[in-house]
Amino acid sequence: MNIVILAAGMGKRMRSALPKVLHPLAGRPLLAHVIETARTLSPARLVVVVGHGADKVREAVGAPDVQFAIQDKQLGTGHAVQQALPLLDPSVPTLVLYGDVPLTRASTLKRLLDAAGPERYGVLTLTVDDPSGYGRIVRDAGGAVRKIVEQKDASEEERRIAEINTGIVVSPTRTLDAWLASLKNDNAQGEFYLTDVVERAIEAGVEVVTAQPDAEWETLGVNSKVQLAELERVHQRNVAHALLEAGVTLADPARIDVRGTLECGADVSIDVNCVFEGRVTLADNVSIGPNCVIRDASIGAGTRVDAYTHIEGGTTGAKVVLGPYARLRPGAVLGDEAHVGNFVEVKNAVMGHGAKANHLSYIGDSDIGARVNVGAGTITCNYDGANKHRTIVEDDVFIGSDTQLVAPVRVGRGVTIAAGTTVWKDVGEGELVLNEKRQVSKTGYVRPTKKKS
Ligand code: UD1
Ligand code: CA
């Protein structure tokens with residue numbers, strides 16, 4: 001089939017300079033969700049109708065398999081579909097989706113497509129408690145669809161109909177051209193309504209069928225920040241339930257946010273208020289403490305990530321201990337059983353098996369060997385004001401507290417660095433390195449006291 005996604009509207013009620021379909025849900029534009037669902041149906045053509053903020057929309061979701069049709073003026077949903085027609089394959093049906101309806105499931109769309117087949121006209125409908133605002137499905141005594149009437153054009157009696165048009169339809173494509181060309185805008189809103197195509201289809205002897213979604217939220221659109229926030233919660237609840245079904249322990253399914261993909265092994269547990277972004281993989285028996293933000297990371301089996309840890313890209317081996325308050329940045333690679341503790345930042349650095357940096361350190365652009373103990377307050381001085389340089393610390397080095405390693409520098413295997421040392425020259429294997437300093441004590445010293453005013 002062809003898929004046309006309508007995304008030309010401006011979304012005034014969002015009260016934002018950003019085109020409505022680019023507002024993020026789970027960290028990605030609304031429209032990106034619709035495109036992703038569309039792709040799972042393997043359409044012959046995928047066309048997005050753009051208008052307001054067309055350039056921004058193109059830039060945000062452009063891809064080789066997506067074509068764009070321009071609708072300069074928003075003259076109605078029928079007019080919008082008309083703009084896409086030249087880009088469609090006439091030999092297969094056309095499914096119409098909405099760029100601001102992000103959570104429709106592919107299974108629901110398949111049901112509609114199956115009901116319609118290649119020749120019938122299909123409408124996704126829903127019976128709701130409060131149909132106000134929606135187009136109503138008008139059926140004859142035998143139950144066959146006769147037309148769709150918009151709220152603003154509906155009679156008192158029609159307004160009592162509880163079955164509504166979700167907006168999602170599928171139509172044979174060859175005939176669509178003539179049907180759309182014959183639409184009139186002599187209605188309450190002065191628009192060319194896609195909904196009026198139903199009557200054209202019936203006149204042409206084409207059967208109109210309906211299908212229903214599994215859940216109401218699948219067809220909800222975003223017109224305001226309130227609706228955006230509501231759908232965000234629906235989506236996060238769905239993600240959390242899928243994780244629970246897969247055996248992940250969540251301290252509270254209402255307090256996890258996944259903005260990307262989160263893959264979990266067996267017996268993973270996640271405490272409250274964690275945010276996962278990009279692609280995150282948690283291997284078997286990983287536990288994540290409360291209030292962690294984890295992006296683009298792969299966490300090895302049995303690793304414990306304690307509270308308030310922030311990962312912006314990194315890989316850990318097995319049985320690593322991270323946090324509380326640790327920060328990994330891109331290029332951080334921690335070997336098995338490494339420890340990175342409170343207020344330790346690791347960037348573009350490898351830490352070997354069992355290496356430990358437990359307190360208050362910066363490890364950037366470094367190779368830290370196995371079993372190295374990085375004392376509290378150790379800083380790699382990786383930046384000379386112009387360029388970054390690497391620090392190499394070989395296996396079994398003991399780094400005393402408050403050490404500065406001025407890169408580029410290499411510290412040989414088994415070296416001991418005394419506390420408070422600035423290391424700016426390479427150190428050979430097994431040596432003790434220290435800076436000569438003198439400790440001076442003086443007697444009779446009197447501390448200043450505060451002046452009385
Ligand atoms: C439409 C349906 C209505 C249905 C409702 C479901 C019509 C005439 N009415 O009404 O039966 O119950 O959706 O939400 O189809 N758009 C364009 N170009 C246009 C007009 C709209 O791209 O010229 C896009 C909008 O950006 C939006 C979507 O189409 O994403 C729906 O348009 P909107 O004006 O919100 O239609 P409704 O009045 O809600
Ligand atoms: Ca709407």
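Heavy-atom basis, side chains included; hydrogens, waters and symmetry copies ignored. Order of appearance sets the numbers: ligands from 1, and atoms from 1 within every ligand.
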- Query: When you look at Glu199 and Lys147, which way does the salt bridge (Lys or Arg N to Asp or Glu O under 4.0 Å) test go after all the steps?
  - Reply: CA-CA 6 Å; Glu199 286 159 277; Lys147 63 173 179 173; 5.4 Å; no
- Between Asp196, Ile164, Asn165, Ile5, which one has a non-hydrogen atom sitting closest to atom 12 (O) of ligand 1? Asn165
- Winner among Ile148, Val50, Asn187, Thr77 once heavy atoms are compared against atom 36 (O) of ligand 1: Thr77
Under 4.0 Å from any heavy atom of [X], which atoms of ligand 1 are there?
{"X": "Leu6", "answer": "22 (O), 24 (C), 29 (O), 30 (O)"}
{"X": "Gln74", "answer": "18 (N), 19 (C), 23 (O)"}
{"X": "Thr195", "answer": "7 (C), 8 (C), 9 (N), 11 (O), 15 (O)"}
{"X": "Tyr193", "answer": "8 (C)"}
{"X": "Thr166", "answer": "6 (C)"}
{"X": "Gly9", "answer": "22 (O), 26 (O)"}

Regarding [X] and [Y], do their side chains bring together a donor and an acceptor under 3.5 Å, going by distance alone?
{"X": "Ser182", "Y": "Arg200", "answer": "yes"}
{"X": "Asn185", "Y": "Tyr193", "answer": "no"}
{"X": "Arg136", "Y": "Gln151", "answer": "yes"}
{"X": "Thr281", "Y": "Glu263", "answer": "no"}
{"X": "His389", "Y": "Asp365", "answer": "no"}
{"X": "Ser132", "Y": "Asp130", "answer": "yes"}
{"X": "Lys12", "Y": "Asn223", "answer": "no"}

If you measure every N/O of [X] against every N/O of ligand 1, is any gap under 3.5 Å?
{"X": "Asp100", "result": "yes"}
{"X": "Glu150", "result": "yes"}
{"X": "Ala8", "result": "yes"}
{"X": "Gly76", "result": "yes"}
{"X": "Gly135", "result": "yes"}

- Message: Main chain of Val92, side chain of Asn2: is a donor-acceptor contact present, judged purely on distance under 3.5 Å?
- Response: yes
What part of [X] sits under 4.0 Å from ligand 1 if we count only heavy atoms: the side chain, the backbone, both or neither?
{"X": "Leu75", "result": "backbone"}
{"X": "Glu191", "result": "neither"}
{"X": "Thr219", "result": "neither"}
{"X": "Tyr134", "result": "both"}
{"X": "Lys73", "result": "neither"}

- Note on the structure: Residue set satisfying ring pair (Phe, Tyr, Trp, His ring centres under 6.0 Å) with His23, at least two apart, ordered chain then number -> none
- Just wondering, do Ile35 and Arg39 contact through their side chains at under 4.5 Å, heavy atoms? yes
- Message: So is His79 touching ligand 1 or not, going by heavy atoms under 4.0 Å?
- Response: no
- What orientation do Tyr325 and Tyr308 show, parallel under 30°, tilted 30 to 60°, or perpendicular over 60°? parallel
